[in-house]
Amino acid sequence: MKPVSDRPRRLNLASFNIQTGINTSSYRDYLTGGWRHILPSRKRLPNLNRIAQFLKPFDLVGLQEVDGGGTRSHNIVQAEYLAEHAGFPYWHNQVNRRFGNIALHSNGLLSRLKPDTVHDYKLPGLPGRGALLARFGQSGEDALYICVLHLALAQRTRLRQLAFVGELIHDLPYVVLMGDFNCEPDSPELNLLFQTTRLCDPACQINTFPSWRPHRMLDHILVTPELKVEKVRALNFACSDHLPVAMEIALPGHLLIDG
């Protein structure tokens, strides 16, 4: 049996909507560069390499708008590619929507810790949105849970989706919920989540969208109170239409996590 330490263990977390490696620097790019959501682009791979270099300091990364191997991305499973080039030994790709062989819209998880389980869930609403839930540690009470999701654009659907997620995690003590929520901290859907779970938002207003002139906080990392937040911030890394969010947390020493 591994010895249990009373010293807290620190983890560096990040959540990043990478827009499948498309670098968007203005609203005009949505029109002039919209074809890149369907067709291959020579710029996509250099952008993925930039993202991989950026992710190297982190221990756990939740990704949204990842391509799972479509022709638009030269058949590259982007979560796997980023894991390989950033040195993450563990990765998971959750395909939520397929457009033939052109695009496989996915969430992703990159980890330097070995997950004991990873489960994929379809979120309520129109097909195409999902959440992945990874457990680090064999005991439910002494395990860390990481949930990565990308919520819908419509508020009514987001309310249903967060109600579903709340049912998954409401009785778990050590939870990190991260992703592109498509809503602000004071929204009715996040208020519902805070009322039905023990999650709290440790951040002040850190704007993440759009990346070239951020004035909205759509990307979040939420935690349960047992996880001590050391710092949280949006990072000035404009390689998508969203900025990444980074957080450092201290884990209780008794959590039995491999890695």
Side-chain angles (χ1 to χ4, degrees), residues 1-16 51-64 79-80 82-94 107-120 131-149 165-166 168-179 181 193-194 197-204 206 208 219-235 237 243-259:
M1 180 178 294
K2 293 185 177 181
V4 177
S5 171
D6 292 329
R7 298 179 58 188
R9 180 178 185 180
R10 284 169 173 77
L11 293 178
N12 287 314
L13 315 175
S15 179
F16 194 8
I51 293 170
Q53 290 298 312
F54 169 78
L55 296 178
K56 283 185 175 181
F58 296 98
D59 300 304
L60 286 162
V61 179
L63 300 170
Q64 306 86 49
E80 180 182 20
L82 292 173
E84 179 180 349
H85 286 77
F88 288 89
Y90 306 102
W91 62 275
H92 182 79
N93 184 76
Q94 178 197 29
N107 293 326
L109 177 68
L110 313 180
S111 178
R112 303 195 186 282
L113 309 176
K114 182 180 179 180
D116 287 82
T117 62
V118 182
H119 293 290
D120 292 338
L132 66 88
L133 183 63
R135 189 188 77 218
F136 297 84
Q138 295 184 3
S139 169
E141 294 184 356
D142 292 324
L144 174 68
Y145 290 84
I146 304 290
C147 185
V148 180
L149 49 72
V165 172
L168 290 178
I169 63 174
H170 76 277
D171 59 346
L172 301 175
Y174 306 105
V175 180
V176 177
L177 180 66
M178 63 170 73
F181 289 19
L193 184 69
F194 296 146
T197 70
R198 301 176 60 253
L199 289 167
C200 56
D201 188 348
C204 54
I206 52 173
T208 61
D219 304 87
H220 303 263
I221 303 179
L222 311 178
V223 298
T224 48
E226 290 82 1
L227 300 173
K228 182 181 178 182
V229 176
E230 303 286 351
K231 63 176 71 172
V232 58
R233 63 208 184 278
L235 299 176
F237 180 72
L243 294 179
V245 179
M247 178 183 289
E248 183 179 330
I249 62 172
L251 305 179
H254 67 272
L255 288 185
L256 300 177
I257 299 175
D258 290 334

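In what follows, every heavy atom counts, from backbone to side chain, and hydrogens, waters and symmetry copies are set aside.
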Checklist line | Stepwise side chain to side chain contact (heavy atoms under 4.5 Å, CB included) check, L109 with W91 | finding: CA-CA 5 Å; L109 177 68; W91 62 275; over 6 Å; no

[X] and [Y]: which non-hydrogen atoms are nearest, and at how many Å?
| X | Y | answer |
| --- | --- | --- |
| L113 | Y90 | O-CD1, 3.2 Å |
| A86 | L55 | CB-CB, 4.5 Å |
| Q138 | D116 | CG-OD2, 3.2 Å |
| L149 | A131 | CB-CB, 3.9 Å |
| S111 | L60 | OG-CD2, 3.0 Å |
| L110 | A79 | CD2-O, 3.4 Å |

Can you find a pair of side-chain heavy atoms, one from [X] and one from [Y], that are under 4.5 Å apart?
| X | Y | value |
| --- | --- | --- |
| N12 | M247 | no |
| D59 | L13 | no |
| F194 | L222 | yes |
| I206 | V232 | yes |
| L235 | V245 | no |

Checklist line | Any residue meeting salt bridge (Lys or Arg N to Asp or Glu O under 4.0 Å) with E84, in chain and number order, not counting sequence neighbours | finding: none

Atom pair [atom1]/[atom2] of [X] and [Y] - distance to nearest 0.5 Å:
| X | Y | atom1 | atom2 | value |
| --- | --- | --- | --- | --- |
| F136 | D142 | CZ | CG | 16.0 Å |
| L177 | T197 | CG | OG1 | 8.0 Å |
| F88 | R112 | CZ | CZ | 4.0 Å |
| Y174 | L144 | OH | CG | 10.0 Å |
| T208 | H220 | OG1 | NE2 | 7.0 Å |
| K228 | E230 | NZ | CD | 5.0 Å |

Next item on the list: Apply side chain to side chain contact (heavy atoms under 4.5 Å, CB included) to Y145 and list each qualifying residue two or more places apart in sequence or on a separate chain.
Entry: L133, R135, A143, L172, V175

Notebook entry, point to check: Got a sec, which residues hit side chain to side chain contact (heavy atoms under 4.5 Å, CB included) with S15, two or more places apart in sequence or on another chain?
Noted result: Q64, M178, I221

Notebook entry, point to check: Do the ring planes of F237 and F54 sit parallel (below 30°), tilted (30 to 60°) or perpendicular (above 60°)?
Noted result: parallel

Check: Taking it one step at a time, do L63 and N107 satisfy side chain to side chain contact (heavy atoms under 4.5 Å, CB included)?
Finding: CA-CA 6 Å; L63 300 170; N107 293 326; over 6 Å; no

Margin query: Please determine whether side chain to side chain donor-acceptor pair (under 3.5 Å) holds for the pair H92 and D120, giving the CA-CA distance in whole Å, both sets of side-chain angles, and the decisive distance to 0.1 Å.
Written below: CA-CA 10 Å; H92 182 79; D120 292 338; 2.9 Å; yes

Check: Taking L11 as the fixed residue, which of I146, I249, L227, V176 is the one that meets the side chain to side chain contact (heavy atoms under 4.5 Å, CB included) rule?
Finding: I249

